[in-house]
Amino acid sequence: MNAQLSPALSNDELDAFWMPFTANRQFKAKPRLLARAQGMHYWTDDGREVLDGVAGLWCVNAGHARREITEAVTKQLGTMEFAPTFQMGHPIAFELANRLTQIAPPGMDRVFFTNSGSESVDTALKIAIAYHRARGAGQRTRLIGREKGYHGVGFGGMSVGGMVNNRKTFGASMLPGVDHLQHTLDIEHNAFTRGLPQWGAHLANELERLIALHDASTIAAVIVEPISGSAGVILPPAGYLKRLREICDRHEILLIFDEVITGFGRVGKAFASQAFDVTPDLMTTAKGLTNGSIPMGAVFAQRKIYDAFMQGPENSIELFHGYTYSAHPVACAAALATLDIYAKEGLLTRAAALAGEWEAAVHSLRGLPHVIDVRNYGLIGAVELEPRAGKPGARAFDVFLKCFERGVMVRQTGDVIAMSPPLIIEPKQIARIVETLGSVIRDTA
Ligand code: PXG
């Protein structure tokens, strides 16, 4: 059954690892094991080369196994493998925070470190609620997310998130006082739009309706992904994010951008908020921060938010929140080395230079069987397939599997194939990804 397995790993040995977001039984019956990575490629345990069309999981923006990161991590492990950041500090944590503020959107010059996107989201939600309390508006505790949003798997992120499979099992264990905006995916109006859809900015007005329902004085923050990734790449209609910003400003509601996938060059600027020229109050990041090498996340805050906490007696802790591994020295070293690579190789803007070529390539898939939409922005692309009757997701899963067999790794979510290659990708590799996907779609009933 497990012909692909290396002799070192028997069937039984696959049982103990309860795999995340995975069909465990299906996977373990026919595993797909990655054993090595370099640059744009993975190699399977049986030695097959696979072109990485998703930067691991939207995180390996500078390509795999970067020597500079390996060296920085190794050096840090030998110098000081751990140091606490509760009532103590270590220099590279401060260095990293300063470096991050240099590429951050205007005014976002305070940085709180976490270990993942989920932790960044929960941190940002807690900061938003605590901020209002600190400025004397403690009744503002409501949070507003969006349908189809993904903000990780903590109770906070799950509650503001809007993907039904991630929510339905957990029933009433959601945060109270959460509401959701309508999502912005509208294939009827916007199918095959290149870049941002022109239709749909008015969907932001729904925030006014929720404000009228709950009253602004009860609402702490609105959280959205500038571009939704996990739900299958949903783009903001032109003008939509600006309108959200205006409405939030009018009602003193904080705007949180979840840039866990859009951050660190994915859309042609360091952050999507810069690409779309809309600055949030809080911004959550992770993934590309360390090129996926060591778990780390960061929440960026406008200075006014940090300043609101800096009151009361000087010996009092201003925010009762943090993680043992906040600003872990090894993660800091990995992040600094990653930022050096991004700067040296111009990777934070390379997606903009490749965007035209990428757009033309992914839109060449229009017209293939079952393709009902193609979406793109920066170095993000998605192809939506018509679901098989009564079997949602099955067709796209088959496409994902066949692409992998033919040496290209893409990502499947529902009936969407999503792509987000490392930002070092070369034009001929763009062509390879799209040609492989096209041939697989043609061969998939
Ligand atoms: N926010 C956003 C916007 C994300 O995309 C998270 C938070 C959570 O991050 P952590 O590090 O806790 O996983 C994410 C994660 C996919 C896929 O479907 C996307 C993510 C994770 C796994 C798969 O392509 N994004």
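For ligands, and for the atoms within them, numbers begin at 1 and follow the listed sequence. Values below: all heavy atoms of this structure, side chains included; hydrogens, waters and symmetry mates excluded. For clarity, every value in this text was computed on a predicted model and none was experimentally measured. Residue indices begin at 1 and follow the sequence shown.
Remark: the Ser120 side chain and the Thr114 side chain contain an N/O donor-acceptor pair separated by less than 3.5 Å. A donor-acceptor contact under 3.5 angstrom links the side chains of Asn376 and His363, judged on distance only. No side-chain N or O of Thr74 forms a donor-acceptor pair with one of Glu71 less than 3.5 Å apart.
Each of Leu57, Trp58, Ser116, Gly117, Ser118, Tyr150, His151, Gly152, Glu225, Ser230, Asp258, Val260, Ile261, Lys287, Arg411 has a non-hydrogen atom positioned under 4.0 Å from some atom of ligand 1.
A cation-pi arrangement is not found for Arg245 relative to Phe257, the charged atom failing to lie both closer than 6.0 Å to the ring centre and inside a 45° cone about the ring normal.
Within a 6.0 Å radius of CZ in Phe309, more than 12 heavy atoms belonging to other residues, nucleotides or ligands are found.
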Could you go through residues 170-179 and list every donor-acceptor pair under 3.5 Å that involves a side-chain atom there, pairing it with any protein atom two or more places apart or in another chain?
residue, atom, partner, partner atom, Å
Ser173, OG, Phe170, O, 3.2
Asp179, OD2, His214, NE2, 2.6

